[in-house]
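So the structure is just underneath, and the comments pick up after that.
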Number of protein chains: 2
Amino acid sequence: MQLHIEASNGIPIYEQICRQVKFAIANKALQVGEHVPSVREMAGRIAVNPNTVSRAYRDLQTDGVLIPIRGTGLAVTPEAPAKCNAERLDLIRDRLRIVLAEAHHNQITPDEIRQLVESELHRLESLDADNSLKPVTTGETA
Amino acid sequence: MQLHIEASNGIPIYEQICRQVKFAIANKALQVGEHVPSVREMAGRIAVNPNTVSRAYRDLQTDGVLIPIRGTGLAVTPEAPAKCNAERLDLIRDRLRIVLAEAHHNQITPDEIRQLVESELHRLESLDADNSLKPVTTGETA
DNA sequence: CCTAGTGTCCTATCACGATAGTACAGTAGT
DNA sequence: ACTACTGTACTATCGTGATAGGACACTAGG
């Protein structure tokens, strides 16, 4: 259960938390019945206000993904994996749709879009390669 | 010079205006020396507050894309086409990068991403086809 | 019982994007 | 000169995302 929060990529922090918890469940990094990190611990871990985490967890309860266990914490519901699996690609599709629509509105051709996508995919892969080659170093070259 | 403003796709309205003016220049829908629609007219056209348009135009001046002609309006600078052409793909690439990074962080595979992209591209094309088949109708089916 | 840990609720404050309305300096056309 | 435009500036207000800090009810473990 490790979250990647981006200070601002346009998505509110509480929503980023929601999305990533769902991804974690879809990817089986979080199992049914397992407790999600406590509000205060998660807040400390990702350097964010506890209220913001609480807001995210509240939304996840509304979605039926988490269930409160009084005085103990929040557990992943039995229905969660199915829901999160179903949502897995939709969460990305919705974001992707906005970007591609903008591109299309502004006469970026499908081939140009494909080229951008491929170059970004390669970029992500090479970032992975770098990280696996030197997993400990902090990245300084000098 | 026709803008597509989305109430909220995460990008502030004033920034959407900026981007689309740049795209219009890159696509030669706006020529050097030509005046951009007046603050008040643009505001009326896209149903937005004049201050918001003004903010966008101010940013475009800072970027050297527009130059004020006192009492007359804002004109496209001679340097603008080069700048906007250079930025054309970058504006999309930056947005795309955020989405693909999120997908990648959450174990969406490159092939799944490619499939999403292709299905969205086809979707955009079929929307175009619909619009060109019935370009006049307002869309009511009953 | 008591303590430390849960989630939850509440008020207050701040930044930012957006709106509303007003005002002013400059220019073009009559 | 007068009028109708231009851009620009200013204050005030609103909603939302986020922070800060305090308070409460509950539960597990000693």
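Naming convention: chains lettered A, B, ... in sequence-line order (proteins, then strands); numbering from 1 in each chain.
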Tell me whether the side-chain N/O atoms of A:T52 come closer than 4.0 Å to OP1 or OP2 in D:dT19.
yes
Euclidean distance, atom CD1 of residue A:I46 to atom C1' of D:dA18 [Å, nearest integer]
12 Å
B:N51 (side chain) and C:dG21 (base): donor-acceptor pair under 3.5 Å:
yes
From NE2 of A:H35 across to P of D:dA28 the rounded distance in Å is 10 Å
Shared-cluster residues of A:I25, by chain and number - hydrophobic side chains joined below 4.5 Å:
A:M1, A:L3, A:I5, A:I13, A:I17, A:V21, A:L30, A:V36, A:V39, A:M42, A:I46, A:V48, A:V53, A:Y57, A:L60, A:V65, A:L66, A:L74, A:V76
Taking the side chain as every heavy atom from C-beta outward, state whether B:I113 and B:L100 have any pair of such atoms under 4.5 Å apart.
yes
Sugar-phosphate only, base, or nothing, as touched by B:I69 at under 4.0 Å among non-hydrogen atoms:
nothing
Can you check the B:I17 CD1 to D:dG7 P distance for me, whole Å?
13 Å
Using atom CZ of A:R70 as one end and atom P of C:dA4 as the other, report the distance to the nearest whole Å.
21 Å
Name the residue closer to the 5' end of DNA chain D, choosing between A:T72 and A:P50 according to the nucleotide with the nearest heavy atom.
A:P50
note: A:E6, atom CD; D:dG17, atom C1'; distance rounded to Å ~ 17 Å
Check whether any side-chain nitrogen or oxygen of A:Y14 sits under 4.0 Å from OP1 or OP2 of D:dG17, and answer yes or no.
yes
C:dG7 base to A:R40 side chain: any donor-acceptor pair below 3.5 Å?
yes
Nearest to the A:R55 side chain among D:dG17, C:dG21, D:dG7, which nucleotide is it?
D:dG17
Keeping B:N106 on the side-chain end and A:Q20 on the backbone end, is there a donor-acceptor pair under 3.5 Å?
no
Option from A:E112, A:H104, A:H105 for which side-chain contact (heavy atoms from CB on, under 4.5 Å) with A:I108 holds:
A:E112
Do B:I11 and B:I92 land in one hydrophobic cluster if side-chain heavy atoms of ILVMFWY residues count as linked below 4.5 Å?
no
Under 4.0 Å: is that the gap between some side-chain N or O of B:S38 and OP1 or OP2 of D:dT6?
yes
Can you tell which of C:dT8, C:dA18, D:dT8 lies closest to the side chain of B:P68?
D:dT8
Send over the distance from B:R58 CZ to D:dT6 P, rounded to a whole Å.
20 Å
Whether A:Q61 contacts C:dG7 is assessed here as follows: a side-chain N or O lying under 4.0 Å from the phosphate OP1 or OP2. Is that the case?
no
Under 3.5 Å, is there any donor-acceptor pair linking the side chain of A:N49 to the base of D:dG21?
no
Can you figure out which of C:dT19, D:dT8, D:dA18 approaches the side chain of B:L74 most closely?
D:dT8
Start at the 5' end of DNA chain D and walk down; is the nucleotide closest to B:Y57 or to A:A7 reached first?
B:Y57
Measure the distance from CD on B:E41 to C1' on D:dA4 and round it to the nearest whole Å.
15 Å
Rounded to whole Å, CE of A:M42 lies from P of C:dG7 at a distance of 10 Å
B:R93, B:R19, B:R88 screened by salt bridge (charged side-chain N to carboxylate O under 4.0 Å, His left out) with A:E102, the one that passes
B:R19
